[in-house]
Amino acid sequence: MRHSSLSSFLNGATSAKELWQEIDAEVNECVAATAKRGGIGHVIITDGPSMRVKWHHVDKLLGELADEKLPLSAASYIADALIMSDDFHWDDEAVAEALFFLSDESAPQTLAEIEAARSRFSTAR
């Protein structure tokens, strides 16, 4: 995934559909790799300018997931890219908690859980 594409999506300049078209293959490869016993998936994110990830960015991501404009399989991949990149920095604890919630692959997330998290994290601010 290109840093510029993720930044553009979070800032509302690129649609969820456009982002998904770009990252579909790499997300599916990552999911397939982690599904294998002992498998490890790799998250790819290019370098870019420093960006402060604010609540409205995370709310956009959660909203697009809840509205099924992005598949749930993209949630942990995008969150991991935001967490692992040295170029994205979260604004506050609610942003960090939401990103770590999305990155948790221990149990598949449902649309209801995404919507509940969106509500929970927004009121924690």
Side-chain angles (χ1 to χ4, degrees):
M1 172 175 7
R2 293 182 326 220
H3 176 286
S4 60
S5 298
L6 183 53
S7 298
S8 181
F9 164 73
L10 293 173
N11 285 314
T14 300
S15 71
K17 181 179 179 179
E18 291 170 306
L19 179 65
W20 180 244
Q21 287 173 336
E22 179 181 326
I23 67 172
D24 178 12
E26 62 194 74
V27 170
N28 289 326
E29 286 175 21
C30 183
V31 169
T34 58
K36 295 178 185 173
R37 185 180 180 140
I40 297 173
H42 298 281
V43 175
I44 302 163
I45 182 77
T46 63
D47 292 336
S50 181
M51 178 180 168
R52 200 106 184 111
V53 180
K54 299 182 179 201
W55 175 251
H56 70 273
H57 296 123
V58 175
D59 189 55
K60 172 156 179 65
L61 174 58
L62 288 167
E64 298 289 13
L65 291 164
D67 293 341
E68 298 183 79
K69 293 180 181 175
L70 277 174
L72 291 178
S73 61
S76 65
Y77 190 87
I78 293 170
D80 284 344
L82 289 166
I83 291 167
M84 288 188 251
S85 172
D86 291 334
D87 300 317
F88 291 101
H89 311 280
W90 42 85
D91 204 38
D92 60 30
E93 280 303 308
V95 169
E97 286 181 47
L99 291 176
F100 282 100
F101 164 78
L102 288 173
S103 74
D104 184 2
E105 296 173 352
S106 62
Q109 296 160 345
T110 65
L111 292 174
E113 289 171 326
I114 295 291
E115 194 57 54
R118 187 178 185 196
S119 176
R120 183 175 73 244
F121 295 125
S122 69
T123 58
R125 295 181 38 78

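Along the sequence shown, residues carry numbers from 1. Note: hydrogens, waters and symmetry copies are ignored here, and every other heavy atom, side chains too, is used.
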- Item | Pairwise distance CG(L6) to CD(E22) - rounded to 0.5 angstrom | 9.0 Å
- Spacing of CD belonging to Q21 relative to OG1 belonging to T14, to within rounding of 0.5 Å: 11.0 Å
- Message: So M51 and D87, do their side chains get closer than 4.5 Å, heavy atoms only?
- Response: no
- Message: Quick check: closest heavy atoms across I78 and L70, and the distance to 0.1 Å?
- Response: CD1-CD1, 4.0 Å
- Message: Looking at every non-hydrogen atom in both residues, tell me the closest pair between A79 and S103 and how far apart they are.
- Response: CB-N, 3.7 Å
- Item | Closest approach of R118 to D59 (non-hydrogen atoms, all atoms of both residues) | NE-OD1, 2.8 Å
- Task: Flag the pair P49 / H3 as yes when at least one side-chain heavy-atom distance between them is below 4.5 Å, and no otherwise.
- Result: yes
- Starting at CG of D92, measure out to NZ of K54 and round the result to the nearest 0.5 Å. 10.0 Å
- Would you check if the side chain of N28 reaches a backbone N or O of D24 as a donor-acceptor pair within less than 3.5 Å? yes
- Message: Would L102 and L82 count as a side-chain contact (heavy atoms from CB on, under 4.5 Å) here? Give the steps.
- Response: CA-CA 11 Å; L102 288 173; L82 289 166; over 6 Å; no
- Enter the distance from D47:CG to S4:OG here, rounded to the nearest 0.5 Å. 11.5 Å
- Is there side-chain contact between L19 and M1, with heavy atoms separated by less than 4.5 Å? yes
- Write down the atom of I40, the atom of T34, and the distance for their closest heavy-atom approach. C-CG2, 4.2 Å
- Looking only at heavy atoms, which two atoms of Q109 and D104 are closest? And how far apart? NE2-O, 4.0 Å
- Nearest non-hydrogen partners of S50 and H89, listed with the distance: OG-CD2, 3.1 Å
- Between F100 and W90, what is the ring plane arrangement, given parallel below 30°, perpendicular above 60°, and tilted in between? perpendicular
- Item | Pair listing, side-chain hydrogen bond (donor to acceptor under 3.5 Å, both in side chains) test, anchored in residues 67-81, at least two apart | E26-Y77, S76-E105
- Find the distance between CZ (R120) and CZ (F101) and round it off to the nearest 0.5 Å. 6.0 Å
- Note on the structure: The reported gap from CD1 in I83 to CD1 in I45 (rounded to nearest 0.5 angstrom) is 12.5 Å
- Inspect the surroundings of CD in E93 and state if more than 12 heavy atoms from other residues, nucleotides or ligands are less than 6.0 Å away. no
